[in-house]
Trainee: 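The structure follows.
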Amino acid sequence: MDATTSGSGHQVQYHNIVDKPLSLTFQRQQRHCFGDSSPGEFPLAAKPSIVLHVLTGCNLDPQDLANLEATCSFFRKPANFPPDSDLSIAELAALDMCRKRAIFRPITGEQGEVLKRRCGGSWKLVLRFLLAGEACTRREKSQALAGPGHSIAVTSGGQVYTFGSNSSGQLGHGTLEEEWRPRLVKSLAGVRIIQAAAGAGRTMLISDQGEVFTFGKDSFGEADGSTLVTTPRKVESLKDVFVVQAAIGNFFTAVLSREGTVYTFSWGSDARLGHQTEPADLEPYPLLGPLENVPVVQIAAGYCYLLLLACEPTGMSVYSVGCGLGGKLGHGTRTDERYPRRIEQFRELRLQPRVVAAGAWHAAVVGQDGRVCTWGWGRYGCLGHGNEDCESVPKVVDSLLKIRAVHVATGDYTTFIVSDSGDVYSFGCGESSSLGHHDQGNRQANVLSPELVQSLKDVKEKVVQISLTNSIYWNAHTFALTEGGGLYAFGAGDKGQLGVELADQTERAKPERVQLDLS
């Protein structure tokens, strides 16, 4: 046939078409993917997480692995790859990514299996647990802590600087003298610190090896009862626990292990929290109750109560235990809870908690979707609902629905929110100029609804973390940490806790940069 007619009606001529098959020869290319791999082998055994990277655009969300397994049975069957031939490709990918987390690297095979069982029997759930902990505590990154009268700054390299009040040796420099500028804790040379906690006259530091160092008063049995600890000492009672976070409340302290177990210490008659021990016992005891076999990713301590962010197979949950005054436990009552109890309101709100914060008398949560919930004693407007009413269950802050929050910090009747764009909002008690609204006519006025902290927006650096004093006994000061490691301070500064000596005043309303690079 010499011609055909195209769809447009035009004649198209074909000439010299040979009506027999063509013989084509291809030269196979030899290619080695990973070192000694055989030519043509797909290197799943060497890097199974490549499946997740290829199919999800480098997204590290464990949910993508679960979705991958749901697509077809191929991804649910044993992949026959080391280190465990019975694992599916998705499980191998999750295990591979777990191994990339700094906190997971020192874990032995047996410890890993224990963690896997605690998380629900899946490496995907272990990965979710590890990522959740990193997201809410800035693990392995720089931090700043505005304690009661003193301050702690941790660089990304693990060095620690302290300044401010030092009446109990809480600065760790071997003296009782105040420090008006950041001073390096030299006795920690060679130790990399990744977390810090501050209480009234006391400090706790946690190393990347899970060791806990403490100094100041009531130092967890490390003092002889009358001697103040003025330089960091290792807490020997925790030597068998790999600690990743600490939280100091009034009359008690809590620590969180790498495996997600919570231990509490007692300090006095009001400190019997979550275990049946003597009130003055300074030994750490595991928190009893519903969380004994559920991994916790974050703890937050307020006045006589503790919040716990738990990683359950069905999703993230918040538990509370301790004093219920003001409704701050979030259960719809003001009764105390001796053992941890899950706050059910988040299920009603269809909110997956991302990070928790415990103020002295009120609490807050940021959800995965960026919504903010507050509850507890609403004095001075610290709940952000436009009034001073108490809320005994978590309530969404409606005026923040147009932003996507990623971080929350609470103090004594004060709350700060950080959005994904780095904007900061504050509300509550305006004493000590700690809200950052220095441009208002009355910079110490109470703020009943969230207001943008314009003074922090003016610094032209993205804020990633806020810390403020969480104590009913000290005037508050506030730190804002930026993405580049810049630290800005405002509020009460009478003891040098702002990192500078103030002239003829006790507070500063406008954020000023502390002469310290935390990057």
Side-chain angles (χ1 to χ4, degrees), residues 137-138 142-155 158-189 191-208 210-223 227-238 243-256 263-265 267 282 284 299-302 411 465 467-471 473-474 476-477 479 481 487 489 492 495-499 514 516 518:
T137 61
R138 286 184 56 80
S142 59
Q143 301 170 32
L145 216 61
H150 73 290
S151 303
I152 308 166
V154 182
T155 71
Q159 291 183 309
V160 178
Y161 291 81
T162 59
F163 44 103
S165 176
N166 196 30
S167 57
S168 300
Q170 62 265 41
L171 298 186
H173 302 303
T175 73
L176 299 179
E177 297 177 1
E178 295 175 355
E179 295 289 342
W180 291 80
R181 295 191 182 278
R183 180 180 173 185
L184 178 68
V185 182
K186 295 182 179 179
S187 61
L188 289 170
V191 178
R192 183 170 184 264
I193 299 299
I194 62 168
Q195 286 283 308
R202 54 183 69 90
T203 300
M204 291 183 76
L205 303 174
I206 299 164
S207 78
D208 61 347
E211 299 169 316
V212 180
F213 297 85
T214 183
F215 38 99
K217 66 180 180 180
D218 296 330
S219 293
F220 315 99
E222 303 309 306
T227 304
L228 296 174
V229 177
T230 60
T231 56
R233 290 189 187 178
K234 192 181 299 184
V235 180
E236 292 299 326
S237 59
L238 288 168
V243 176
V244 295
Q245 193 199 347
I248 301 177
N250 294 78
F251 312 115
F252 78 96
T253 255
V255 297
L256 176 64
Y263 297 81
T264 58
F265 292 85
W267 268 339
L282 292 175
I299 53 178
Q465 183 200 24
S467 177
L468 65 153
T469 305
N470 187 12
S471 172
Y473 303 116
W474 284 85
H477 68 292
F479 283 145
L481 180 64
L487 182 61
K495 297 293 183 180
Q497 60 266 52
L498 298 182
V514 180
L516 183 63
L518 298 183

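All residue numbers refer to positions in the sequence shown, counting from 1. As a basis for the values below, the full set of heavy atoms in this structure was taken, side chains included, without hydrogen atoms, waters or symmetry mates.
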Trainee: For S168, which residues count as a side-chain contact (heavy atoms from CB on, under 4.5 Å) partner, sequence neighbours excluded?
Mentor: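 Checked S168 against side-chain contact (heavy atoms from CB on, under 4.5 Å); matches are Q170, K217, L228.
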Trainee: Scan side-chain atoms only and decide if H477 and T469 contain a donor-acceptor pair under the 3.5 Å cut-off.
Mentor: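 A pair is found: one side chain offers a donor N or O, the other an acceptor, under 3.5 Å apart.
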Trainee: Tell me the closest heavy-atom pair linking A198 and G147, and the distance in Å.
Mentor: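 Closest heavy-atom pair between A198 and G147: CB-CA, 3.9 Å.
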Trainee: Do R202 and T214 come within less than 4.5 Å of each other through their side chains, counting heavy atoms only?
Mentor: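 Of all side-chain heavy-atom pairs linking T214 with R202, none is under 4.5 Å.
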Trainee: Where do L238 and F265 come nearest, in terms of heavy atoms and distance?
Mentor: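 Between these two residues, the closest heavy atoms are CD1-CZ, 3.7 Å.
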Trainee: Working to the nearest 0.5 Å, report the span between OG of S467 and CD1 of I152.
Mentor: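 S467 OG to I152 CD1: 9.0 Å, rounded to 0.5 Å.
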Trainee: Write down the atom of A254, the atom of T264, and the distance for their closest heavy-atom approach.
Mentor: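 So the minimum-distance heavy-atom pair works out to CB-CG2, 4.1 Å.
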Trainee: Check the pair Q143, L518 against side-chain contact (heavy atoms from CB on, under 4.5 Å), reporting the backbone distance first and the verdict last.
Mentor: CA-CA 8 Å; Q143 301 170 32; L518 298 183; over 6 Å; no
Trainee: Would you name the heavy atoms of L171 and F215 that are closest together and state the gap between them?
Mentor: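 Reported closest heavy-atom pair: C-CE1, 3.5 Å.
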Trainee: Could you check H150 against T203 for side-chain hydrogen bond (donor to acceptor under 3.5 Å, both in side chains), going step by step and ending with a plain yes or no?
Mentor: CA-CA 9 Å; H150 73 290; T203 300; 3.0 Å; yes
Trainee: The test is side-chain contact (heavy atoms from CB on, under 4.5 Å); show your working for S151 and Y161 and say whether it passes.
Mentor: CA-CA 8 Å; S151 303; Y161 291 81; over 6 Å; no
Trainee: I would like to know whether V160 and L205 meet side-chain contact (heavy atoms from CB on, under 4.5 Å); could you show each step before the answer?
Mentor: CA-CA 9 Å; V160 178; L205 303 174; 4.1 Å; yes
Trainee: So V235 and R233, do their side chains get closer than 4.5 Å, heavy atoms only?
Mentor: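 A side-chain contact is absent here, since even the closest heavy-atom pair is not under 4.5 Å.
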Trainee: Could you pull out the closest heavy-atom pair between A153 and L487, with the gap in Å?
Mentor: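 A153 and L487 have their closest heavy atoms at CB-CD2, 4.5 Å.
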Trainee: For the CG atom of L188 and the OG1 atom of T162, what is their distance to the nearest 0.5 Å?
Mentor: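 Between atom CG of L188 and atom OG1 of T162 there are 9.5 Å.
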Trainee: So how far is it from I206 CD1 to Q245 CD, rounded to the nearest 0.5 Å?
Mentor: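 Interatomic distance, I206 CD1 to Q245 CD, rounded to 0.5 Å: 7.0 Å.
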Trainee: side-chain contact (heavy atoms from CB on, under 4.5 Å) with S207: which residues, sequence neighbours excluded?
Mentor: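 S207 satisfies side-chain contact (heavy atoms from CB on, under 4.5 Å) with V191, I193, Q209, E211, F213 once adjacent residues are dropped.
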Trainee: Give me the atom names and distance for the closest heavy-atom approach of V514 to A489.
Mentor: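 That would be CG2-CB, 3.8 Å.
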Trainee: What's the spacing between L145 CG and M204 CE if we round to 0.5 Å?
Mentor: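 Atom-to-atom, L145:CG and M204:CE are 12.5 Å apart.
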Trainee: Kindly indicate, with the supporting measurements, whether the criterion side-chain contact (heavy atoms from CB on, under 4.5 Å) is fulfilled by T175 and N166.
Mentor: CA-CA 8 Å; T175 73; N166 196 30; 3.6 Å; yes
Trainee: Enumerate donor-acceptor pairs with a distance under 3.5 Å from any side-chain N or O in residues 176-186 to protein atoms, sequence neighbours excluded.
Mentor:
{"from": "E178", "atom 1": "OE2", "to": "K495", "atom 2": "NZ", "distance (Å)": "3.4"}
{"from": "E179", "atom 1": "OE2", "to": "R183", "atom 2": "NH1", "distance (Å)": "2.8"}

